[in-house]
Amino acid sequence: MDAQQPTNIPSPTPHAAPGPERPDAASDEGAVPHDALVAARREKLRRHREELGLEPYGVRVDGIEPLAGARARFDESAHAQHEAAAAAAKAGAGAAPAAQTEDPRARVRVAGRVVQHRDLGKLVFAWLRDHSGDLQVSISRVAVDESGFALAKALDYGDIVVAEGPIGRTQRGEVCVWADRLELHSKSLEPPPAKWHGLADPELRYRHRYVDLFANPEVIRVAQLRSAMVSFIRRWMDGRGFLEVETPMLQPIAGGAAARPFVTHHNALGIPLFMRVSPELYLKRLLVGGLPRVYEINRNFRNEGIDRSHNPEFTMMEAYEAFGDCFSMMELTESLLHDLAGFMAEERARQGFAPTAPAAAHAPGVRRGGPVLPFGELAIDWSRPFERVTYADLFERALGFPMTDFAKARAAAAARRIEAAKLDDWFVVNELFESVAEPLIDRARPTFVLEFPSAISPLTRPNRRRPEIADRWDLFVGGMEIGPAYSELNDPDIQRAKFTEQLRGKDAEEESTYRSLDEDFLHALRVGMPPAGGLGLGIDRIAMLLTDSPSIRDVVLFPLMRPRG
RNA sequence: GAUCGCGUAGCUCAGUCGGUAGAGCAUCCGCCUUUUAAGCGGUUGGUCCUGGGUUCGAUUCCCAGCGCGAUCACCA
């Protein structure tokens, strides 16, 4: 907000003790150790101000370059030239220190957080870290002024500093900035995590992500990779002629999926509102309005459990294409994910991740050498075409009888202690499918499961020849469901019947709270929606797969945590 | 919501078959102009998650609670 403010506004009362200085810390019957560590840092803060005349909280600094960029400007011959000149000057000691030839080494100005600090007496080494990596700064007593050197000796792990000087290297070959200026721009007052082990406690990592980000650099890399991934998807979709739109997050009726919504309230209108569980019904309204290709990448909110692949708010891409169907969306999805995986393999290499496992690591001779990316123990082969299997085939392979044999299905469900008594036949089949058939899918290969039963696909158009089958697929990768696609149902009468049927199964309380018929959506269908293909992709899960992150919490910067009292 | 596991110094972790605890790093003091998890000498630091029970005595055993993790359930 005020980051653009270049004016150097002096802090109002630099020497006044800030309010919550807790002068009672010492009297608090034996200083608690955490407070002792903080007190030591506050004492340094005081000394910086009162004895060195430094203001430990800085202002705008221009011309800072990333540490990786500064490192890249190291030049061995310039360094050698400088060393030779220095040696010559030393040999001719006593002679005039004239010959003040230009230092051939590049000058850099860098900023970063101190992550290592070694004080050798008259020489201090400090490692800085920023988003691009780490770089050493060497501060020699003879190269900086008195307060700068006093600051160098007093640096704490976590302080944010700006250093300036020629880029060279040490006798051990470490590229570093030989600082002739050193400034403190933010004094860190909290004890940092261990410098070598980083921050390991998952609870602290998520609750204090800002610490996690600098203590565990791979967290920043994952965030950068995710950002690159989403940018790529947008470019790719734009290139295919899709228009990115934004539709309501606050909805009077939570439609488009059967998840439990978060409920809120609008005061001025005096109405309940729901955080959306899906943008589907709004994006389809845009098809009705005449936008032929739309997509949205945004958050959905589902009031459900939390686990490694579920966060209550998560990012979804939905896309709709007029006059397409689930097979045009299959082509789109396969192309997008294949290209995306290739892009991410390059990005990972660019950011210094180990090269990905070769395709030969599995199923020799079978694959076409498309991008292969590691995901835990798996090497996921994203080469085209992805695998395709029908729901019915997978079911029969897993269970040994056709899915239409409901009697056997009920028996099998009972044998597996699946609560099936209250379920309709097709839902019994689906329970079996999810528990027995899904695990048969090759986790190392993206796999489209085709021809889902119509009965469990309320928004999908039934197949023309076989109405019990829906024109729908679900994509599975790495053991996770990545998303479905439909040939969208655009017959308003069938849609009404399916909605009504869906509502009938719910108990009265649920229905009155958040399940009601979206009459306006049905109105839109009566106005007329072109036939269309629709797609939903779980962006977080794709990010997990392409950044080799085992938990959704590794790809969501601030996952939901229970607040701590 | 269920089951299992975990919770010890700022961080990473040992340990106590029940007798109120240790290490490394960090902190603080001293030494060192080329360190690479720097080194050397010294120093400080604990509600052993919380509450209750058993016991002469509980960080340890038991019960309950809180938080986190894993698995499951929920999530068409």
Side-chain angles (χ1 to χ4, degrees), chain A residues 29-41 43-44 115-127 134 136-143 149 154 156-158 168-176 178 188-208 211 215 256-261 277-278 300-312 314 417-419 423-424 426-427 429-431 433-435 452-460 470 472 474 481 484 486 498 501-502 505-506 538 550-551 553 559 561-565:
Chain A
E29 67 180 89
V32 188
H34 173 266
D35 283 348
L37 295 172
V38 172
R41 284 165 178 254
E43 170 59 15
K44 286 184 180 175
V115 293
Q116 287 279 9
H117 182 236
R118 298 195 187 102
D119 178 356
L120 273 67
K122 297 188 184 64
L123 183 63
V124 175
F125 297 110
W127 276 92
D134 294 357
Q136 181 173 289
V137 174
S138 307
I139 307 107
S140 165
R141 184 177 183 174
V142 299
F149 193 68
D156 283 320
Y157 187 13
R169 64 169 168 77
T170 65
Q171 289 177 6
R172 294 296 189 92
E174 186 71 46
V175 172
C176 69
W178 283 103
S188 177
L189 296 175
E190 287 290 328
K195 62 184 181 185
W196 182 244
H197 294 100
L199 191 62
D201 181 342
E203 183 172 355
L204 285 179
R205 289 187 54 209
Y206 301 140
R207 289 191 192 278
H208 295 164
V211 175
R260 182 170 295 126
V277 294
S278 162
N300 287 350
F301 306 86
R302 296 188 180 176
N303 207 338
E304 312 283 356
I306 297 173
D307 63 31
R308 280 201 302 178
S309 58
H310 294 84
N311 195 55
F314 63 101
R417 298 159 164 264
I418 293 172
E419 281 290 336
L423 298 177
D424 290 340
W426 280 111
F427 285 87
V429 167
N430 197 48
E431 288 291 322
F433 180 86
E434 288 179 3
S435 64
F452 273 63
S454 284
I456 59 169
S457 310
L459 292 161
T460 312
R472 162 190 174 183
D474 270 47
E481 184 189 356
Y486 307 149
K498 280 181 171 280
E501 183 185 357
Q502 189 184 8
K506 306 298 173 185
S551 167
R553 292 179 157 192
M561 300 288 282
R562 186 183 295 277
R564 196 148 59 165

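Below, chain A is the first sequence line, B the second, and so on; all start at residue 1.
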Problem - Residue-phosphate contact under 4.0 Å: A:R562 side-chain N/O, B:C68 OP1/OP2 - result: yes
Practice task
Remember a base hit wins even if backbone is also touched, and classify A:N430 as base, sugar-phosphate or nothing at under 4.0 Å, heavy atoms.
Solution key: sugar-phosphate
Handout entry: Side chain of A:W178 (C-beta onward), nearest among B:U33, B:U34, B:U36
Key = B:U34
Handout entry: Residue list, side chain to side chain donor-acceptor pair (under 3.5 Å) with A:R207, at least two apart or on another chain
Key = A:E203
Fill in the blank from the handout: Winner on side-chain proximity to A:H310, out of B:C75, B:A76, B:C11, is B:C75
Practice task
Can you figure out which of B:A37, B:U36, B:C68 approaches the side chain of A:H197 most closely?
Solution key: B:A37
Problem - Nucleotide of B:C11, B:C68, B:U33 approaching A:M561 most closely (side-chain heavy atoms) - result: B:C68
Exercise for the section: For A:V124, report the nucleic acid contact type (base, sugar-phosphate, nothing); a contact means any heavy atom under 4.0 Å. Expected result: nothing
Problem - Base versus backbone protein contacts along nucleotides 26-32 of chain B [heavy-atom cut-off under 4.0 Å; B, S, -] - result: SSS---B
Handout entry: A:L123 side, atom CG; A:I139 side, atom CD1 - distance, nearest 0.5 Å
Key = 8.0 Å
Practice task
Could you work out which one of B:U34, B:C13, B:C74 sits closest to the side chain of A:A200?
Solution key: B:C13
Problem - Closest to side chain of A:R308, choosing from B:A73, B:U33, B:A70 - result: B:A70
Exercise for the section: Report which part of the nucleic acid A:E304 touches: base, sugar-phosphate, or nothing (heavy-atom distance under 4.0 Å, all strands). Expected result: base
Problem - Donor/acceptor link under 3.5 angstrom from A:T170 side chain onto base of B:U36 - result: yes
Exercise for the section: Give one of base, sugar-phosphate or nothing for A:R169, where a contact means two heavy atoms less than 4.0 Å apart. Expected result: nothing
Problem - Note, A:N303 side chain near A:P312 side chain (heavy atom, < 4.5 Å) - result: no
Practice task
For A:P484, answer base if it contacts any base atom (sugar-phosphate contacts may also be present), sugar-phosphate if it contacts only those atoms, and nothing otherwise; contact means non-hydrogen atoms under 4.0 Å.
Solution key: nothing
Practice task
With sequence neighbours left out, write down each residue that passes side chain to side chain donor-acceptor pair (under 3.5 Å) with A:E174, or none if nothing qualifies.
Solution key: none
Exercise for the section: Please list, chain by chain and in numerical order, all residues satisfying side chain to side chain donor-acceptor pair (under 3.5 Å) with A:D134, sequence neighbours excluded. Expected result: A:R129
Handout entry: Partners meeting salt bridge (Lys or Arg N to Asp or Glu O under 4.0 Å) with A:E43 (sequence neighbours left out)
Key = A:R46, A:R47
Handout entry: Sugar-phosphate, base or nothing in reach of A:W426, heavy atoms under 4.0 Å
Key = nothing
Exercise for the section: Identify, with sequence neighbours excluded, every residue that meets side chain to side chain donor-acceptor pair (under 3.5 Å) alongside A:D119. Expected result: A:K153
Exercise for the section: Remember a base hit wins even if backbone is also touched, and classify A:Q116 as base, sugar-phosphate or nothing at under 4.0 Å, heavy atoms. Expected result: sugar-phosphate
